[in-house]
Amino acid sequence: MEQALRVCVYGATGYTGIELLRYLSQHPYVKVVSVLSRTYAGRYLSDVLPSFFNTYLSKIPLTEEPQEDFDLAFLCLPHEISLNLVPELIKKGKKVIDLSGAYRISKKELYPEFYGFEHVHEETLKLAVYGLPEVFRDSIKNATLVANPGCYPTATLLGLYPFLKEGINLDRVIVDAISGVSGAGRKTAQHFHYPEMEQNIMAYSVEKHRHVPEMEDVITKISGKSVKIRFTPKVIPASRGMLCSLYVQTSEKRLKDLFEETYLCEKFVKIIHEPPATKHVIGTNLCLIYPYYEERTQTAVIITVIDNLGKGASSQAIQNMNIMLGMDEATSIEKPALFP
Ligand SMILES: NC(=O)C1=CN([C@@H]2O[C@H](COP(=O)(O)OP(=O)(O)OC[C@H]3O[C@@H](n4cnc5c(N)ncnc54)[C@H](OP(=O)(O)O)[C@@H]3O)[C@@H](O)[C@H]2O)C=CC1
Ligand SMILES: CC(=O)N[C@@H](CCC(=O)OP(=O)(O)O)C(=O)O
């Protein structure tokens, strides 16, 4: 690449923004020109986040508005803020990767129930490409707007894709999921406060979660069929990491071959032969999948692990950017985990 791609990061000091900057700071073809924050505007990045002292971004000022022109924006913002900002940026000719959920579901009528707002930008919603590279790589190449998937949907859809690709019927899937606390973002809530969260395991949003329509919508896009997802999320006292157990009633027994074949050429989705652990994916763009068929109950048990801030958010966003710009999609995100 002759000229660096100029990038602006909105919501730069939230958890996904920080993780995004960690990867971008090492990206050979990208120049981060603006990092936006209302709370820390006027300060240098490394004064707010000393973890950036040893990068070229150390003395970049945090500002409320972009300071320089840019080619592509990452939005690490609340859904309702992305909702209105995305069309403004697209009108100005920018490419956008939105990490929020504002453009992930194609049916606008689902937004009031699951997001609490009317989706008032139907034309922009039609432009959005769902940013799960292993499934939608070809559409991502030409996208102006990528709706980066949610963390639970990433871990679930990658575990179901081998069945969907082969047209194997799945009427109903049970998804039992565990997330680290950073999945809830940097803002505090009483139940995530240390004395309540430490030594605790909490189920939440058992009756309704906005990731259910996201998963069901994408499954229909892939397979043309409708599948019901029974989803139960839980949060544990770990900073990051996500483990999803998927249960599928099926007579398809050749799971290992099916999964190996589906992901043979993928750099970031790997099939493993021992039950997975989140420690092997923290700080990476990896999704590890352990497929197992239990004869006794005729159940396919698929266990997936990702870093909610990695493949579940920021490194996946960079994978999408690399694809949009025709670069090697692994550029800057091919790191091993921080282990142990
Ligand atoms: N955490 C995760 O694991 C994942 C998160 N996501 C999604 O990514 C997005 C960002 O999440 P995350 O980084 O965790 O969230 P955080 O709460 O950590 O950060 C959000 C950032 O947005 C900025 N912000 C908040 N309110 C406003 C506002 N009204 N106007 C402008 N900026 C605002 C804040 O910065 P400031 O106030 O300084 O401007 C804040 O730093 C969300 O939509 C989330 O749903 C997606 C996948 C996984
Ligand atoms: C532990 C926790 O609270 N996790 C978040 C999911 C984070 C995510 O993927 O985010 P979005 O779909 O909001 O972008 C939640 O369940 O709401």
Side-chain angles (χ1 to χ4, degrees), residues 8-22 34-43 45 48-49 62-66 73-86 88 97-105 111 114-117 130-132 146-157 175 177-189 191-192 197 200-206 208-215 217-218 231-244 278 282 306-317 320:
C8 173
V9 179
Y10 288 77
T13 57
Y15 285 152
T16 59
I18 297 167
E19 185 66 353
L20 191 69
L21 288 174
R22 190 171 74 86
S34 288
V35 284
L36 309 191
S37 163
R38 301 162 314 160
T39 313
Y40 301 105
R43 299 175 64 186
L45 185 66
V48 175
L49 295 161
L62 289 153
T63 54
E64 287 208 35
E65 295 296 330
F74 287 101
L75 310 193
C76 303
L77 296 170
H79 316 293
E80 59 283 6
I81 306 299
S82 277
L83 175 72
N84 294 320
L85 183 57
V86 168
E88 280 177 32
I97 300 180
D98 179 21
L99 280 81
S100 88
Y103 288 85
R104 291 183 198 145
I105 308 176
Y111 283 88
F114 289 95
Y115 281 85
F117 55 72
Y130 193 74
L132 192 60
V146 166
N148 213 61
C151 45
Y152 291 118
T154 297
T156 299
L157 293 165
V175 181
I178 301 169
S179 173
V181 193
S182 63
R186 210 171 174 196
K187 63 200 169 300
T188 46
H191 49 278
F192 295 137
M197 193 65 243
N200 199 8
I201 301 176
M202 269 189 311
Y204 68 100
S205 303
V206 174
K208 190 195 268 192
H209 193 290
R210 66 189 179 287
H211 285 173
V212 171
E214 180 179 332
M215 296 180 206
D217 187 47
V218 176
F231 174 56
T232 309
K234 289 165 217 89
V235 66
I236 57 161
S239 301
R240 54 207 276 175
M242 169 164 288
L243 184 147
C244 290
T278 54
I282 298 304
I306 59 170
D307 183 340
N308 55 293
L309 294 175
K311 185 67 174 158
S314 305
S315 55
Q316 177 143 270
N320 282 318

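Each residue takes its place number in the sequence, starting with 1. Order of appearance sets the numbers: ligands from 1, and atoms from 1 within every ligand. Side-chain atoms are counted along with the backbone in the values below, which use heavy atoms only and exclude waters and symmetry mates.
- Using a heavy-atom distance under 4.0 Å as the criterion, the protein contacts of ligand 2 are H79, L99, R104, G150, C151, Y152, S179, G180, G183, A184, Y204, H209, R210, H211.
- In terms of modelled atom types and a separation under 3.5 Å, the side chain of T278 and the main chain of M242 share no donor-acceptor contact.
- Between the H79 side chain and the G101 main chain, a donor and an acceptor come within less than 3.5 Å of each other.
- Of the residues listed (V181, I201, L243), the one engaging I236 in a side chain to side chain contact (heavy atoms under 4.5 Å, CB included) is I201, and it is the only one.
- Atoms of ligand 1 lying under 4.0 Å from any heavy atom of Y15, numbered from 1 in the order shown and given with element: 13 (O), 18 (O).
- Summary of contacts: the protein heavy atom closest to atom 14 (O) of ligand 1 is G185 CA, 3.2 Å.
- The shortest contact between atom 3 (O) of ligand 1 and any protein heavy atom is with N308 ND2, 3.0 Å.
- Between atom 26 (N) of ligand 1 and the options R210, R186, R38, the minimum heavy-atom separation is to R38.
- Nearest protein heavy-atom contact of atom 47 (C) of ligand 1 is G312 O, 3.2 Å.
- Side-chain atoms of S182 come within 3.5 Å of backbone atoms of S239 as a donor-acceptor pair (strictly under, hydrogens ignored).
- Using modelled atom types and a 3.5 Å distance limit, the side chains of S179 and N308 yield no donor-acceptor pair.
- When S37, P149, A102 are checked for heavy-atom proximity to atom 38 (O) of ligand 1, S37 turns out nearest.
- Atoms of ligand 1 found under 4.0 Å from any heavy atom of T39, numbered from 1 in the order shown, are 36 (P), 37 (O), 38 (O).
- Under the 3.5 Å distance criterion, the side-chain polar atoms of Y111 are matched with a main-chain donor or acceptor of I105.
- Heavy-atom proximity to A313, at under 4.0 Å, picks out these atoms of ligand 1: 47 (C), 48 (C).
- A donor-acceptor pair is defined here as one N or O able to donate and one able to accept, closer than 3.5 Å; such a pair exists between the side chain of T154 and the backbone of G150.
- Atom 45 (O) of ligand 1 has its closest protein heavy atom at H79 CE1, 3.3 Å.
- Ranking protein heavy atoms by distance to atom 21 (C) of ligand 1, first place goes to C76 O, 3.5 Å.
- Regarding atom 41 (O) of ligand 1, its nearest protein heavy-atom neighbour is G14 N, 3.1 Å.
- In R104, the part holding a heavy atom less than 4.0 Å from any atom of ligand 1 is the side chain.
- For R104 (side chain) and L99 (main-chain N/O), a donor-acceptor pair under 3.5 Å exists by modelled atom type.
- Note: Y152 and F231 have perpendicular aromatic rings, judged against thresholds of 30 and 60 degrees for the angle between ring planes.
- Here the side chains of L157 and P149 are not in contact, with every heavy-atom distance at 4.5 Å or above.
- Considering only non-hydrogen atoms, atom 13 (O) of ligand 1 lies nearest to T16 out of L77, T13, L309, T16.
- Of the protein's heavy atoms, L99 O, 3.8 Å lies nearest to atom 6 (N) of ligand 1.
- At a heavy-atom cutoff of 4.0 Å, ligand 1 is contacted by the side chain of I81 but not by its backbone.
- Residues passing the salt bridge (charged side-chain N to carboxylate O under 4.0 Å, His left out) test with E19 are R22, R240, sequence neighbours excluded.
- Side-chain atoms of Y130 do not come within 3.5 Å of backbone N or O of V146 as any donor-acceptor pair.
- With a heavy-atom cut-off of 4.0 Å, S182 touches ligand 1 through its backbone alone.
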